[in-house]
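First up is the structure itself, then whatever we jot down about it.
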Amino acid sequence: MQHNYTAPLIAIGPRVRKSPFFEATRRYGCKAYSIYNHMYMPLYYDDPVAEYWRLVNDVTVWDVACERQVEITGPDTFRFVQRLTPRNLTRCAVGQCKYVPITAEDGGMLNDPVLLRLGENHFWLSLADSDVLLWARGIAVNAGMNVTITEPDASPLALQGPRATAVMVDLIGDWVKELRYFWFRETDLNGIPLVVARSGWSKQSGFELYLRDGKYGDELWERVMEAGRRHEITPGAPSAIERIESGLLSYGSDMTEENNPFEIGLGKYVDLDQEADFIGKDALRRIKAEGIKQKLVGMEIHGEQLPLNEQRWPLQHNGEPCGVITSSTYSPRLKKNIALAIVSIAKAKLGTNLTVETPWGPAEATVGRLPFIEPRE
Ligand code: THG
């Protein structure tokens, strides 16, 4: 099946915020942007499948400054951050990152950021696409806690792919090899202030450089490109294909504020036994006691090659609606269509056959295991 349609333009104007790397992404020929946290986010420079292979085989550099930071400081910082998330932070050391659900009072997911602890009383939340700065400031108004919540000048640039470590060694030094997964270090690169973390939204290994002064955006980009040249670095962007294969979730697509962490596979980050009274605790206790009604699963969609979905595709079992495909792609490594789906609990068992209503007609699909492909390393 040929899916030949042209994507509409996204026009560039002064209203939408630009990343410090925005000029560089234009110069390097970025062909498509999306909007994320009210900023332009590069999507691809070339053919997305070719970029996927460069991520899987080589190394790619991504402007992900749209993963905007919320900074929390002040004497009550730890207690305040722990109020925002069900994840138990008592063992989060300075220098460590944690993937943390942010839940509302009804247990619904408001965001799924990466948390960085920069000091005893100094945290960043590296956001997915929703307005957590406003939420956090709203919570702080009546919390009776002494905290300051702002947006710092900090912009992530991701290096992802199996050759990312080699580039980082040339760029920053040998010590990056010792940096553990989900840990970071503060450093500077000839006067460019950075937080260097071993993390990123792919399972191909890599780093995230948080630029701490936006005026160096162009300089950092060019230094990365220079260090990467002999490692065949290319500009890229978060790959929808790779992240579905790896089972990484995208806020807004695979979850919204309608979903609780248990049903989307993030229950392992919810600690109901901790002392702290985080927002959503009572609701999540009740949800856990009652049992989840639906569940995020992997699915294989049989038949001809399908493109990325532009909206959720309904799922049926014997003509009865039973869920939705949230994210779908053709997997070049598995050579089949794979997808993430939210389905009613009765239909979530491995091997269950369902029917997908795609825009091109019905297709048969089967519930499978997540992730579709195990991480490298
Ligand atoms: N890096 C940074 N900020 C981000 C993202 C990122 N903000 C937006 C978005 N990504 C937030 N969502 C995620 C989702 C998954 C992961 C990170 C951020 C992730 N998960 C691993 C996994 O599921 O295997 C590890 C989770 C864990 O620690 O157990 O990496 O990518 N700066």
Side-chain angles (χ1 to χ4, degrees), residues 36 48-49 51-53 55-57 60 62 64 67 87 97-102 109 111-114 126 128-129 158 160-162 164 181-182 198-206 208 236-256 258-270 292 294-302 306-309 312-313 315 323-345 347-352 354 356 365-377:
Y36 193 100
V49 177
E51 281 179 24
Y52 157 86
W53 284 116
L55 165 63
V56 168
N57 293 324
T60 54
W62 311 348
V64 283
E67 294 168 348
R87 186 153 185 188
C97 312
K98 296 273 183 195
Y99 180 41
V100 295
I102 302 290
M109 290 290 299
N111 204 291
D112 66 331
V114 176
S126 183
D129 188 13
Q160 299 285 301
Y181 182 60
F182 264 57
R198 193 164 219 148
S199 54
W201 206 55
S202 88
K203 285 292 175 188
Q204 303 309 308
S205 83
E208 292 180 301
S239 166
I241 306 172
E242 192 279 341
R243 74 95 186 166
I244 296 171
E245 290 177 337
S246 298
L248 292 170
L249 305 183
S250 177
Y251 189 79
S253 299
D254 307 310
M255 71 182 101
T256 68
E258 310 259 292
N259 298 113
N260 64 68
F262 297 117
E263 64 192 17
I264 54 167
L266 301 186
K268 55 183 179 254
Y269 304 119
V270 176
I292 53 170
Q294 52 182 8
K295 193 179 164 192
L296 186 132
V297 297
M299 298 214 76
E300 179 181 340
I301 307 178
H302 309 290
L306 293 165
L308 296 167
N309 60 317
R312 292 180 156 189
W313 295 341
L315 284 163
V324 287
I325 297 282
T326 59
S327 296
S328 167
T329 184
Y330 178 77
S331 164
R333 281 184 286 176
L334 298 174
K335 299 188 170 56
K336 60 189 189 187
N337 298 308
I338 57 170
L340 304 176
I342 295 178
V343 299
S344 62
I345 202 76
K347 302 291 178 286
K349 267 196 282 306
L350 221 59
T352 307
L354 304 174
V356 191
T366 307
V367 176
R369 228 179 279 281
L370 280 178
F372 293 100
I373 299 182
E374 291 295 332
R376 165 188 307 279
E377 288 173 346

**Q.** side-chain contact (heavy atoms from CB on, under 4.5 Å) between W53 and R333, worked out
**A.** CA-CA 9 Å; W53 284 116; R333 281 184 286 176; 3.7 Å; yes
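- Of all non-hydrogen atoms in L55 and P162, the two that sit nearest each other are O-CD, 3.3 Å.
- The minimum heavy-atom distance between I292 and F262, with the atom names listed, is CG2-CB, 3.6 Å.
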Q. After noting the C-alpha distance and the side-chain angles of S202 and Q160, does the key distance pass the side-chain hydrogen bond (donor to acceptor under 3.5 Å, both in side chains) rule?
A. CA-CA 7 Å; S202 88; Q160 299 285 301; 2.8 Å; yes
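- Within the 3.5 Å criterion, the main-chain N or O of A128 finds a donor-acceptor partner in the side chain of N111.
- Of all heavy-atom pairs spanning W313 and S328, the tightest one is CZ3-OG, 3.5 Å.
- Taking the side chain as every heavy atom from C-beta outward, L370 and L340 approach each other to under 4.5 Å.
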**Q.** Stepwise side-chain contact (heavy atoms from CB on, under 4.5 Å) test for M109 and T256
**A.** CA-CA 6 Å; M109 290 290 299; T256 68; over 6 Å; no
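- With hydrogens and angles disregarded, no donor-acceptor distance shorter than 3.5 Å links the side chain of S250 to the backbone of S253.
- For the atom pair CD1 of I338 and CZ of F372, the computed distance is 5.0 Å after rounding to the nearest 0.5 Å.
- In this structure, V367 and K349 have side chains that are not in contact, with every pair of non-hydrogen atoms separated by 4.5 Å or more.
- Here I342 contributes atom CD1 and Q294 contributes atom CD; the two are 5.5 Å apart, rounded to the nearest 0.5 Å.
- With values rounded to the nearest 0.5 angstrom, T326 atom OG1 is found 3.5 Å from D254 atom CG.
- Remark: K295 does not engage E263 in a salt bridge, criterion side-chain N to carboxylate O under 4.0 Å.
- For the residue pair E245 / Y52, a side-chain donor-acceptor distance below 3.5 Å is found, with atom types taken as modelled.
- To the nearest 0.5 Å, the span separating CZ on R198 from OG on S205 amounts to 7.0 Å.
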Q: Begin from the C-alpha positions of R312 and I325 and carry the test side-chain contact (heavy atoms from CB on, under 4.5 Å) through to its verdict.
A: CA-CA 5 Å; R312 292 180 156 189; I325 297 282; over 6 Å; no
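- Inter-residue side-chain proximity for S246 and I373 is flagged as unmet; no heavy-atom pair is nearer than 4.5 Å.
- The shortest side-chain heavy-atom distance between V100 and D112 does not fall under the 4.5 Å cut-off.
- The two atoms that bring I301 and A339 nearest to each other are CD1-CB, 4.0 Å, heavy atoms only.
- Side-chain atoms of N337 come within 3.5 Å of backbone atoms of L306 as a donor-acceptor pair (strictly under, hydrogens ignored).
- Nearest heavy atoms, L315 versus A341: CD1-CB, 3.9 Å.
- With a 4.5 Å cut-off on side-chain heavy atoms, V343 and V324 do not count as touching.
- Counting heavy atoms from C-beta on, the side chains of V114 and S199 never come closer than 4.5 Å.
- Rounding to the nearest 0.5 angstrom, the gap separating the CH2 atom in W201 from the CZ atom in R243 is 4.0 Å.
- Looking at heavy atoms from C-beta onward, Y99 lies in side-chain contact with L266 at the 4.5 angstrom threshold.
- Atoms OG and CG, from S327 and L248 in turn, are 11.0 Å apart once rounded to the nearest 0.5 Å.
- We find that K203 and E242 are not joined by a salt bridge, their nearest charged nitrogen and carboxylate oxygen being 4.0 Å or further apart.
- G247 and P371 get closest at one heavy-atom pair: N-CB, 4.2 Å.
- Side-chain contact between P261 and Y269 is absent, with no heavy atoms from C-beta onward closer than 4.5 Å.
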